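Here is the structure we will look at.
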Amino acid sequence: MAEVTMSPVNDSAELLARRQRVLGQGYRLFYQEPLHPVRGEGVWLFDAQGKRYLDVYNNVASVGHCHPAVVEAIARQSAQLNTHTRYLHHAIVDFAEDLLREFPPELDNLMLTCTGSEANDLALRIARHVTGGTGVIVTRWAYHGVTSALAELSPSLGDGVARGNYVKLIDAPDNYRQPGAFLASVQSALAEMRAEGIRPAALLFDTIFSSDGVFSPPAGEVAQAVQWVRDAGGLFIADEVQPGFGRTGEAMWGFARHQVVPDLVSLGKPMGNGHPIAGLVGKSALFAAFGRDVRYFNTFGGNPVSCQAAHAVLRVIREEQLQQNALRVGHCLREGLQALAQRHELLGDVRGSGLFVGAELVSDREHKTPASAEAVAVVNTMRQRGVLISATGPAGNILKIRPPLVFREEHAALFLDTLDAVLTDVAQR
């Protein structure tokens, strides 16, 4: 019988149908026309037809898709041994020692997990155990993970997830729409907890407020909020899953931009360049207090293969000076977007740091009306023209621009030229 050869288009359609049949409706795909990449290299993804896409969104492959150093580290260790952390192995210790050198000396312990959700879940357990409190303060459109406990702290997952009465929501530091609201809402959240007899356990936020819309608060605001929470008996958990590992350009970690040292720091997505490894860094006294009373282990967290992958990522960031690259190219990117804003009324605000940029689309600059439908059109038209981004924020009107750290000036130029044409196109529809 002759073998039937399917075209890439038909293959993608068949794959989508099979996916929907066996994975169900709970999984969602990017873009109105789902992407079917089959290969990645650096800042590029290639689909089944060989079309090349500039990846301006994927921070998971933080040092570039299929970086040779990471691929080699994974392959080498896989050929030797992979097991759990309840045996001695040099890979986890070597990596932990090296990673902790990137942190303030107060943050001197590391526990490894598989995902950022697990890292945040562990942080929450430690905070509650050490403080004796239950209350948690998060931003109004936060995302911190998919476990049951963290879904209750992630309003961006939608109204279908119930929020516990111990969770208090605060405004993100949005200086475009409501300057000063961040600190005022922290005070209100603490006052509500006092009135309701809830003892604070933690203030938890992503240090670039990425799900809320990518924000950078004025100097001193974060430090003040942290101090108020600590005075009330709670801890500060810095969620570095998205802004960490040099992405913000100014520092290795987003929290450093706010001149504050957290009590606990969660790490995730970019840590292994796509290999599943995450972790929690914190003060050893907190880890010791938790460990004395609670039995914790993670079967796959910190396995030798994952640790070798993460260690390779750390070396690449240093050797290729990717934090410095994020600072330099990110500056060019924001300057280019600000120039586009002079020509396109749809582009209302540009903000961010390093290679983490938010571009807010508005249909009316005076009233700052969210241009949600236009953002959907921009994201999908960019995809059609070979450039991948996404959108974020409560109204889904903020372009989320977050390329791999190997993104260079020539890639930024291609992105800006494409966005210029797409904004013109969308405005004329």
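Computed from a predicted model, the values in this text were never measured in an experiment.
Just one residue in the list Leu99, Asn59, Leu322 forms a side chain to side chain contact (heavy atoms under 4.5 Å, CB included) with Phe245, and that residue is Leu99. Each of Leu203, Asp171, Ile170, Leu153 was evaluated against Thr139; a single residue qualifies, Ile170, per the side chain to side chain contact (heavy atoms under 4.5 Å, CB included) test.
Between Val146 and Thr115 there is no side-chain heavy-atom pair separated by less than 4.5 Å. Looking at Leu327 and Glu250, their side chains come closer than 4.5 Å, going by heavy atoms from C-beta outward. A 4.5 Å side-chain heavy-atom check between Leu29 and Arg19 finds at least one atom pair inside the cut-off. Using a 4.5 Å cut-off on side-chain heavy atoms (C-beta onward), Leu190 and Pro200 make contact. Residues Arg343 and Asp420 have side chains in contact (heavy-atom distance under 4.5 Å, counting atoms from C-beta outward).
Formation of a donor-acceptor pair under 3.5 Å by the Thr392 side chain with backbone atoms of Gly213 is not found in this model. Although no hydrogens or angles enter the test, the distance criterion places a donor-acceptor pair under 3.5 Å between the side chain of His67 and the main chain of Ala69. In this structure, Thr131 contributes its side chain and Gly233 its backbone to no donor-acceptor pair below 3.5 Å. A donor-acceptor pair is defined here as one N or O able to donate and one able to accept, closer than 3.5 Å; such a pair exists between the side chain of Arg365 and the backbone of Leu347. Asn82 places a side-chain N or O within 3.5 Å of a backbone atom of Val305 that can act as its donor or acceptor partner. No side-chain donor-acceptor contact under 3.5 Å links Ser306 to the backbone of Gly302. Judged purely by atom type and a 3.5 angstrom limit, Asn298 has no side-chain atom pairing as donor or acceptor with the backbone of Thr113. Using modelled atom types, one side-chain atom of Arg247 and one backbone atom of Pro403 make a donor-acceptor pair closer than 3.5 Å. Checking side-chain atoms of Asn397 against main-chain N and O of Leu361 turns up a donor-acceptor pair under 3.5 Å. Side-chain N or O atoms of Gln259 include one that pairs as donor or acceptor with a backbone N or O of Arg257 at under 3.5 Å.
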Dump the intermediate steps for side chain to side chain contact (heavy atoms under 4.5 Å, CB included) on Met382 and Tyr57, then the final yes or no. CA-CA 12 Å; Met382 293 285 282; Tyr57 179 71; over 6 Å; no
Taking it one step at a time, do Val226 and His258 satisfy side chain to side chain contact (heavy atoms under 4.5 Å, CB included)? CA-CA 10 Å; Val226 169; His258 306 303; over 6 Å; no
Arg318 and Asp98: side chain to side chain contact (heavy atoms under 4.5 Å, CB included), yes or no, with the steps? CA-CA 12 Å; Arg318 292 168 178 160; Asp98 203 9; 2.9 Å; yes
Walk me through whether Arg383 and Asn380 qualify under side chain to side chain donor-acceptor pair (under 3.5 Å). CA-CA 5 Å; Arg383 176 252 183 270; Asn380 282 282; over 6 Å; no
Evaluate Leu416 against Leu337 for side chain to side chain contact (heavy atoms under 4.5 Å, CB included), listing each step before the verdict. CA-CA 7 Å; Leu416 291 165; Leu337 285 165; 4.0 Å; yes
Dump the intermediate steps for salt bridge (Lys or Arg N to Asp or Glu O under 4.0 Å) on Asp174 and Lys368, then the final yes or no. CA-CA 13 Å; Asp174 182 354; Lys368 302 175 182 176; over 6 Å; no
Walk me through it: do Arg230 and Asp263 pass the test salt bridge (Lys or Arg N to Asp or Glu O under 4.0 Å)? CA-CA 10 Å; Arg230 285 174 170 163; Asp263 299 290; 3.2 Å; yes
Run the salt bridge (Lys or Arg N to Asp or Glu O under 4.0 Å) test on Arg351 and Glu360 for me, step by step, so that the C-alpha distance in whole Å, both residues' side-chain angles and the decisive distance to 0.1 Å come before the verdict. CA-CA 8 Å; Arg351 51 188 181 252; Glu360 181 151 358; 2.8 Å; yes
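Across all non-hydrogen atoms, the minimal contact from Gln308 to Ala91 is NE2-CB, 4.0 Å. Here the closest non-hydrogen pair linking Gly279 and Met271 is N-SD, 4.0 Å. A pairwise comparison of heavy atoms in Leu414 and Thr418 identifies O-OG1, 2.8 Å as the closest pair. Heavy atoms only, all atoms of each residue included: Phe415 and Ile401 are closest at CZ-CD1, 3.7 Å. Closest non-hydrogen pair, Val70 versus Gly272, comes out as CG1-O, 4.1 Å. A pairwise comparison of heavy atoms in Gly348 and Val362 identifies CA-CG2, 3.8 Å as the closest pair.
A donor-acceptor contact closer than 3.5 angstrom is absent between the side chains of Glu118 and Thr147. Side-chain polar atoms of Ser266 and Asn120 form a donor-acceptor pair below 3.5 angstrom. Donor-acceptor pairing under 3.5 Å is lacking for the side chains of Asn165 and Glu196.
Surrounding CG of Asp231 are more than 12 heavy atoms belonging to other residues, nucleotides or ligands, all under 6.0 Å away. Sparse packing is recorded around CD of Glu41, with 12 or fewer heavy atoms of other residues, nucleotides or ligands lying under 6.0 Å away. The 12-atom threshold is not exceeded at NE2 of His331, counting heavy atoms of other residues, nucleotides or ligands nearer than 6.0 Å.
In this structure, the ring of Phe215 has its center no less than 6.0 angstrom from the ring center of Phe182.
Annotation: salt bridge (Lys or Arg N to Asp or Glu O under 4.0 Å) contacts of Arg125 (sequence neighbours excluded): none. A search for side chain to side chain donor-acceptor pair (under 3.5 Å) contacts involving Thr381 returns Arg429, not counting sequence neighbours.
Ring planes of Phe209 and Phe205: parallel class, angle under 30° (limits at 30 and 60°). Aromatic ring pairs are classed by plane angle as parallel below 30°, tilted from 30° to 60° and perpendicular above 60°; the pair Phe255 and Phe103 is parallel.
Taking the centre and axis of the six-membered ring of Phe46, the NZ or CZ atom of Arg52 falls outside the cone set by 45° and 6.0 Å.
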